S.K.: 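Input: one structure, supplied below.
In this text, all values refer to a predicted model and were calculated from it rather than measured experimentally.
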Amino acid sequence: MFLSAGEASGDAYGSALIQNLRERFPDATFTGLGGSQMEQAGQQRVVRAEDVAVMGVTEILRHIPHIYASYRRLVRSIRANRPDVAVLIDFPDVNFRLAKHLHRAGVPVVWFVSPQLWAWKRRRLRWVQERVDKMLVIFPFEETFYRERGVDAEFVGHPLAGTPRQTSTREAYAAQHGLDLERTWIALLPGSRWKEIHANLPTLHELAMSDLIAGSAAYTTFDGNRVRQPRDPAAHTLYEFLLPVASTIDPANLRAYIDQLNAEHLKYFGPEASSIRLTLVPDAYEALSHARASVVASGTATVLAAIVGNPFLVVYRVSDLTFALAKKLVRYPDEFPRMMDLDGNLPVAMVNLIAGRRIVPELLQSRFTAANVASALSPLLLDGPAREAQIAALAGVRQKLHAADTAAGSPIHRVAEAVVALLSSSGSDNKI
């Protein structure tokens, strides 16, 4: 079986799928493109996901030689081994091209986690029709979009919504990671790719070091009353910041980058800023579960935050050229509400698209500053209408992420069932 996933979320889904399929087919082998979790589950990686995960138009252009060499290795492995079935998970810039070679080789293709063709590059619909045998989507509106355009698509639910998770107590979590129980914890999720971290983390680091949240949230007005947030004058900040490390990111490299940011920002914020508490943690779900509120880069993590029910705001920054091109090219279908912001931007956060309205703030490009993040985050830290309204709206999104037919099993189970069905129809199941 050939699996291809190039991002942290796809790595997690791919790992769960391999575990499910290994129970059904103990003698199966798994190859392709994946992250560390897929390797631990049993994939023999032809290419490592962490070596090819880039983002944006200009970023991809700079990495073309390296990406092309990795892509050619994957194509050679398909031709040499001819897998019995392939599962492509998101990562369209690579997976669409792999689908072409898989289709030519007569390999049945399941695509799990749809590329966002409803937003842009709609001409690629023809490629889906030609190269993909089954499209399994994780957002409810995608099934209708594809079926109306002649694609065999099925909404299986979002894998994060159907996965029961246990979290430790606040006390146990604090002891495990050396956190201060007396402080408010805020989760910072800058992205799962290095380019995202370099684009987003410096501003979030500035937010923490400058103590802008304490200044912005010192007084918050709701219900007509001016409420003061208590502050310990002996402490530089009331907050601790949790930074989950994605599986596609080397923790040692991330610590080195944070040390670099510390050295740069201490020049501006003075020695008292050295008390900043920024703690690397291994699991985003637990960090979001324990945080009072969060700042999340646009992507799968925004859905995870909605599933947890943690109030948050969305940030994102790419190169000016990438953003300008995206703004020009992105066109949502007519069935989508317009929801333009003051800068004429369509929403990018999936939770806002699912809700059909802007329920979480979005700070993009030049709007993404430490001061603006502090201002938008502060109302979510205090009990009041803003926090309560977002929590209620996130619950509505969470409900929509479950497939109607819950008896059919979890999303990963349903992907495995689709793989089995394709193997049976192609006669490949006897080989396995």
S.K.: Which value, rounded to the nearest 0.5 Å, describes the distance between I354 atom CD1 and R398 atom CZ?
M.R.: 12.0 Å
S.K.: For the atom pair CG (D152) and OH (Y146), what is the distance rounded to the nearest 0.5 Å?
M.R.: 12.5 Å
S.K.: For the atom pair CD1 (I197) and CG (L204), what is the distance rounded to the nearest 0.5 Å?
M.R.: 10.5 Å
S.K.: Which class fits the ring pair Y173 and W185: parallel under 30°, tilted 30 to 60°, perpendicular over 60°?
M.R.: tilted
S.K.: Check whether any side-chain heavy atom of F30 lies under 4.5 Å from a side-chain heavy atom of M38, and answer yes or no.
M.R.: no
S.K.: For E417 and R24, what are the C-alpha separation, side-chain angles and deciding distance, and is it a side chain to side chain contact (heavy atoms under 4.5 Å, CB included)?
M.R.: CA-CA 10 Å; E417 287 292 312; R24 299 166 185 257; 2.7 Å; yes
S.K.: Please examine the side chains of P361 and Q390, heavy atoms only from C-beta on, and report whether any two atoms are closer than 4.5 Å.
M.R.: yes
S.K.: Do the side chains of R292 and D383 get close enough for a salt bridge, i.e. N-O under 4.0 angstrom?
M.R.: yes
S.K.: Taking the side chain as every heavy atom from C-beta outward, state whether I258 and L201 have any atom pair closer than 4.5 Å.
M.R.: yes
S.K.: Give me the atom names and distance for the closest heavy-atom approach of S15 to Q37.
M.R.: OG-O, 3.3 Å
S.K.: Show, in sequence, the C-alpha distance, side-chain angles and deciding distance for L381 and I186, and conclude whether the side chain to side chain contact (heavy atoms under 4.5 Å, CB included) test is met.
M.R.: CA-CA 9 Å; L381 293 169; I186 296 171; 4.1 Å; yes
S.K.: Taking all atoms of both residues into account, what is the closest heavy-atom pair of I359 and V351, and its distance?
M.R.: CD1-O, 4.2 Å
S.K.: Locate the shortest heavy-atom distance separating M135 from V128; write the atom from each residue and the value.
M.R.: CE-CG1, 3.8 Å
S.K.: Please test L21 against L17 for side chain to side chain contact (heavy atoms under 4.5 Å, CB included), starting from the C-alpha separation and ending with a verdict.
M.R.: CA-CA 6 Å; L21 289 169; L17 180 59; 3.8 Å; yes
S.K.: Ignoring hydrogens, what is the shortest heavy-atom contact between A305 and V296? Give both atom names and the distance.
M.R.: CB-CG2, 4.4 Å
S.K.: Nearest 0.5 Å please: distance from the CZ atom of F368 over to the CZ atom of R317.
M.R.: 5.0 Å
S.K.: Can you list the steps and then say if N20 with V415 is a side chain to side chain contact (heavy atoms under 4.5 Å, CB included)?
M.R.: CA-CA 10 Å; N20 188 298; V415 177; over 6 Å; no
S.K.: What I'd like to find out is whether the side chain of F145 reaches to under 4.5 Å of the side chain of S114, using heavy atoms alone.
M.R.: no
S.K.: A side-chain contact here means heavy atoms from C-beta on lying under 4.5 Å apart; do L278 and L188 qualify?
M.R.: yes
S.K.: Partners of D250 by salt bridge (charged side-chain N to carboxylate O under 4.0 Å, His left out), sequence neighbours excluded?
M.R.: none
S.K.: Which value, rounded to the nearest 0.5 Å, describes the distance between S77 atom OG and R45 atom CZ?
M.R.: 14.0 Å
S.K.: For atom CD of E171, decide whether the heavy atoms of other residues, nucleotides or ligands shown that lie under 6.0 angstrom number more than 12.
M.R.: yes
S.K.: Going from CD on Q116 to CE on M350, what distance comes out if it is rounded to the nearest 0.5 angstrom?
M.R.: 4.5 Å
S.K.: Testing the basics here: between L33 and L74, what is the closest heavy-atom pair and its distance to 0.1 Å?
M.R.: N-CD2, 3.9 Å
S.K.: Which heavy atom of F2 sits nearest a heavy atom of G32, and at what distance?
M.R.: CE1-CA, 3.6 Å
S.K.: Name all residues meeting the salt bridge (charged side-chain N to carboxylate O under 4.0 Å, His left out) criterion together with E286; count only those two or more places apart in sequence or in a different chain, and write none if there are none.
M.R.: none
S.K.: Does any non-hydrogen side-chain atom of F323 lie less than 4.5 Å from one of N345?
M.R.: yes
S.K.: Classify the ring geometry of W111 against F96: parallel below 30°, tilted from 30° to 60°, perpendicular beyond 60°.
M.R.: tilted
S.K.: Are L136 and F155 close enough that some pair of their side-chain heavy atoms sits under 4.5 Å apart?
M.R.: no
S.K.: Check whether any side-chain heavy atom of L160 lies under 4.5 Å from a side-chain heavy atom of Y285, and answer yes or no.
M.R.: no
S.K.: Evaluate the ring planes of F139 and F141, with Trp represented by its six-membered ring, and classify them as parallel (under 30°), tilted (30 to 60°) or perpendicular (over 60°).
M.R.: parallel
